[in-house]
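Below is one structure, written out as structure tokens; the observations come after it.
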Amino acid sequence: MKLADLEKAVTDVGYEVVHDRVTIKVGGMICVMCVGTIEDALRRLDGITDANVNLSSEKAYITYNPGMTTVSEMKKAILDAGYQYLGIEGEEEDLEQIARERELKGKRNRIIIGSITGALLMIIRRVPTGIPPAYLMMVISVPVFVYLSYPIFLAAYRALKNRNLNMDVMYSMGIGVAFVSSILGTFNIILSSEFLFYETAILLATFLTLGRYLETKAKGKTSEAIKKLMGLQPKTALVIRDESEITIPIEDLEIDDIVVVKPGEKIPVDGSVVDGESYVDESMITGEPIPVLKKNGDDVVGGTLNKNSVIRFRATKIGKDTVLSQIIRLVEEAQGSRPPVQRIADRAVSYFIPTVLAIAILSFTFWYVISGETMLFALTTLITILVVACPCALGLATFIAVTVGIGRGAELGILIKNGVALEISEKLTTIVFDKTGTLTRGEPEVTDIIGTNGTRGTGIDDMGLLKVAASVEANSQHPLAEAVVRRAREEGIEIFGEMGEGFDTFEGKGVVAKVDGKEVLVGNRTLFSERNILYSEDSEQKILQLENEGKTVITIAIDGKIQGMIAIADQLKETTGDAIKELKGMGFNVVMITGDNSQTANRVAEQIGIEEVLSEVLPQDKAGEVKRLQENGEVVAFVNDGINDAPALAQADVGIAIGSGTDVAIESGEIVLMKDDLMDAVSAVQLGRKVISRIKLNIFWAFAYNIALIPVAAGILYPFFGITFKPELAGLAMAMSSVTVVSLSLLLKGYVPPAKKRTKGR
């Protein structure tokens with residue numbers, strides 16, 4: 001029985017299996033086939049339930065049973081597979097950089113020596129020296145070839161040992177055939193002296209090393225976004241212990257420690273201010289350039305910069321629980337995800353090498369056996385095909401673009417949680433916005449209080465109506481309720497015991513409680529209709545007038561009789577109109593969904609240019625409305641403040657949670673916006689489209705190199721134009737294919753969504 005079967009049996013009876021997770025840094029990967037090799041090697045270990053390798057960040061994320069396997073065994077598996085074990089995430093952070101620099105230096109030395117030797121061999125072939133050129137070339141080539149090709153042949157051996165047919169195997173065959181043919185030609189064994197490929201073998205190994213050098217150097221740049229985030233957190237913190245200030249490593253900080261931050265210093269962890277006032281620059285977290293005033297009771301975020309005064313705060317989150325740590329973890333995991341478009345590349349790579357080997361053999365057979373060309377010509381085509389065909393570019397096409405794109409998003413305050421969200425962003429047809437807190441500020445204010453003013457001794461005046469309503473709403477956390485309570489306190493009204501007795505809520509409709517022995521009902525038309533409480537003609541007219549002004553009206557009834565109404569308005573965000581205009585310009589169908597009545601909802605929608613409105617929708621029904629749109633063929637993004645409407649966020653093809661700073665809900669939606677700006681929702685969609693278009697461009701160029709050059713390498717142009725493809729040029733083209741893909745992906749580092757440009761221009 002397999003471990004997975006045992007775990008399923010345990011979970012089926014209602015228990016959980018305890019797993020550990022570890023992130024191991026791995027060096028030496030060059031393409032998607034390396035990813036597969038390492039994942040297979042790790043998954044063959046007993047006790048490992050999941051292993052995912054991120055090519056771009058060069059990390060393996062492993063879930064395992066610590067009772068069955070250890071990190072030491074994982075290290076051995078990685079080393080046996082032919083790759084470098086660079087330690088566990090979080091330990092010896094400089095080890096990865098040291099290993100990368102050492103690797104780059106080794107490749108750089110090989111490139112220099114190979115280039116000089118290749119040039120020297122070409123001179124010897126053409127300039128008489130008095131020494132037989134074949135022997136002189138052999139003496140010069142052998143040590144250099146061993147030095148250059150040793151890493152290539154070692155990687156090929158390990159790949160074959162792990163039953164993996166990868167690019168190293170193909171390239172080893174190409175340069176191996178070239179060099180062995182040269183040795184045989186030198187001594188006239190089977191082949192004649194015309195079979196001298198010494199400079200070809202040397203230059204092929206040099207060009208491969210050059211390609212790998214450029215890839216390694218470029219890949220080091222893909223993780224710069226993560227490094228910037230990590231660099232935000234200081235290494236030490238100044239804390240108060242035993243009534244004195246001491247500096248301690250940040251790892252030694254504890255919850256409830258009082259931390260002192262001076263002007264110009266970074267805030268080490270998340271916390272709440274207990275003393276002092278200062279402006280804090282949160283731009284590195286939220287993207288908001290204007291510093292925010294922090295005073296007693298306000299939250300601060302680790303990694304932000306204290307600007308002008310000393311503050312003291314109580315640490316509330318440390319280590320992996322801080323907002324910054326969560327962002328770093330989210331970005332890393334997202335960079336390791338694979339969008340569905342990656343399946344195209346993966347499938348192509350799995351068939352690519354066997355196909356190329358078949359083409360190489362058929363080409364050799366055709367030219368030598370059928371066409372009657374010389375062995376030299378046929379062998380040259382064989383070598384050229386083996387070295388020009390490179391699946392590495394296909395493997396890099398998605399990984400590098402996703403890594404750079406998600407990292408760029410993080411720099412812009414847009415956290416994209418997986419590659420799937422990127423790809424779906426390109427397919428979206430409809431954007432659905434929740435109204436309160438998303439299109440509006442989410443801070444509604446009471447604008448009108450209309451009591452019956454004591455008609456026939458049964459009514460109530462405006463302030464009395466506000467007092468009764470606030471006494472009921474004091475126990476509700478709905479934004480409208482908070483607006484009523486806030487207005488009552490501003491008016492200096494004493495609320496009955498802060499809340500009424502027997503409080504109950506009717507979701508999306510209203511609330512009820514007893515105040516001073518009377519039943520008070522506060523709610524909308526739907527609730528009053530269900531309770532058979534009728535509106536007078538005068539009340540109906542007043543409500544319609546207020547709703548036509550775009551206000552939300554709640555009605556108050558005491559013991560079954562309407563006593564008045566309170567109108568509440570929530571101001572639109574500054575960027576709401578621009579964001580809607582931008583999305584409609586991109587061809588999206590924009591929908592507003594709200595629990596408000598149709599008059600109020602339509603009035604708000606009219607102000608911002610939204611034609612389709614779904615009003616009077618209860619919170620639990622919003623997911624159903626999203627599903628209805630999907631059933632009509634729409635691909636839907638749902639934009640919400642990330643706190644409410646979780647089912648709708650989950651139902652949407654892409655959930656976009658919009659928040660700000662410490663209030664951001666990291667777990668909500670597939671895309672999280674750190675800044676409370678609707679233009680960032682537009683930017684997120686534009687970024688997703690840009691990344692996917694770059695992935696497709698990468699895949700195009702990866703295929704284009706091979707589709708164009710493999711036939712040329714096979715000699716298809718020779719019968720018509722006498723054109724052949726030299727192996728050396730094939731090796732250079734192979735290296736350039738990967739460099740092209742990586743370079744195109746790195747251009748995303750400077751991408752600024754058009755919506756961001758417009759925001760900056762305001």
Side-chain angles (χ1 to χ4, degrees), residues 90 93-94 97 223-331 407-415 659-664 666 673-677 680 749 752 756 759-760:
E93 291 295 331
D94 293 334
Q97 184 65 29
S223 58
E224 285 183 3
I226 291 291
K227 291 175 182 175
K228 285 180 181 177
L229 288 171
M230 289 180 171
L232 294 178
Q233 191 172 54
K235 301 295 183 183
T236 61
L238 183 63
V239 300
I240 298 177
R241 289 185 180 172
D242 298 328
E243 299 183 356
S244 61
E245 295 182 357
I246 60 170
T247 300
I248 62 172
I250 195 168
E251 295 83 7
D252 294 341
L253 262 175
E254 298 177 359
I255 297 292
D256 291 333
D257 268 338
I258 301 300
V259 184
V260 181
V261 186
K262 298 178 181 179
E265 294 180 346
K266 290 180 180 178
I267 293 170
V269 294
D270 298 357
S272 179
V273 177
V274 295
D275 183 43
E277 291 186 5
S278 182
Y279 281 92
V280 175
D281 181 359
E282 297 184 329
S283 60
M284 58 284 295
I285 298 291
T286 67
E288 178 58 61
I290 301 174
V292 180
L293 178 64
K294 298 293 182 179
K295 55 186 183 299
N296 191 33
D298 289 342
D299 292 329
V300 290
V301 183
T304 55
L305 181 65
N306 184 27
K307 297 291 288 185
N308 65 305
S309 185
V310 177
I311 57 172
R312 293 174 176 81
F313 71 91
R314 187 182 307 278
T316 57
K317 293 180 181 178
I318 60 175
K320 62 182 178 60
D321 296 324
T322 64
V323 169
L324 181 60
S325 295
Q326 290 182 63
I327 292 172
I328 292 170
R329 184 169 63 251
L330 184 152
V331 173
R408 179 57 179 155
E411 292 174 344
L412 296 171
I414 301 167
L415 305 183
S660 61
T662 56
D663 297 327
V664 69
I666 296 292
L673 308 180
M674 295 297 293
K675 187 178 172 185
D676 191 9
D677 186 345
D680 279 357
K749 286 171 60 65
V752 179
K756 279 284 186 185
T759 302
K760 289 180 180 178

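Computation of the quantities below employed the complete heavy-atom set of this structure, encompassing side-chain atoms and omitting hydrogens, waters and symmetry-equivalent molecules.
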(request) May I ask you to test the N308-S278 pair for a side-chain heavy-atom distance under 4.5 Å? (result) yes
(request) To the nearest 0.5 angstrom, please state how far the CG atom of D299 sits from the CD1 atom of I267. (result) 11.0 Å
(request) Locate the shortest heavy-atom distance separating L324 from G303; write the atom from each residue and the value. (result) CD2-CA, 4.3 Å
(message) Using the rule side chain to side chain contact (heavy atoms under 4.5 Å, CB included), only one of L305, N306, V292 pairs with D281; which is it?
(response) L305
(message) What's the separation between atom NZ in K307 and atom CD in E265, rounded to the nearest 0.5 Å?
(response) 13.5 Å
(request) Decide side chain to side chain contact (heavy atoms under 4.5 Å, CB included) for E282 and K294; before the verdict, give the C-alpha distance in whole Å, the side-chain angles of both, and the deciding distance to 0.1 Å. (result) CA-CA 11 Å; E282 297 184 329; K294 298 293 182 179; 3.1 Å; yes
(message) Can you give me the closest heavy-atom contact between P234 and P268, atom names plus distance?
(response) CG-CA, 3.6 Å
(message) Tell me every residue that passes side-chain contact (heavy atoms from CB on, under 4.5 Å) with D321, counting only those two or more places apart in sequence or in another chain.
(response) K317
(message) Nearest 0.5 Å, please: how far is CD1 in I311 from CG in D275?
(response) 10.0 Å
(message) Salt bridge check, K756 against D680: does any charged N sit closer than 4.0 Å to a carboxylate O?
(response) yes
Quick one: side chains of residues 241-261, donor-acceptor pairs under 3.5 Å with protein atoms, not counting sequence neighbours, listed by atom name and distance.
from: R241; atom 1: NH2; to: D252; atom 2: O; distance (Å): 3.4
from: R241; atom 1: NH2; to: D257; atom 2: OD2; distance (Å): 2.7
from: S244; atom 1: OG; to: R241; atom 2: O; distance (Å): 3.0
from: D257; atom 1: OD2; to: E254; atom 2: N; distance (Å): 2.8

(request) Looking only at non-hydrogen atoms, find the nearest pair between S325 and G319 and report the distance. (result) OG-O, 2.8 Å
(message) Between V273 and V300, is there a side-chain heavy-atom distance shorter than 4.5 Å?
(response) yes
(message) Could you measure the distance from the NZ atom of K266 to the NZ atom of K235? Nearest 0.5 Å is fine.
(response) 10.0 Å
(request) Decide yes or no for D298 and F313: does some side-chain heavy atom of the first lie under 4.5 Å from some side-chain heavy atom of the second? (result) no
(request) Supply the atom-to-atom distance D270 CG to T322 OG1, rounded to the nearest 0.5 angstrom. (result) 5.0 Å
(message) Do P291 and V280 make a side-chain contact, defined as non-hydrogen atoms from C-beta onward lying under 4.5 Å apart?
(response) no
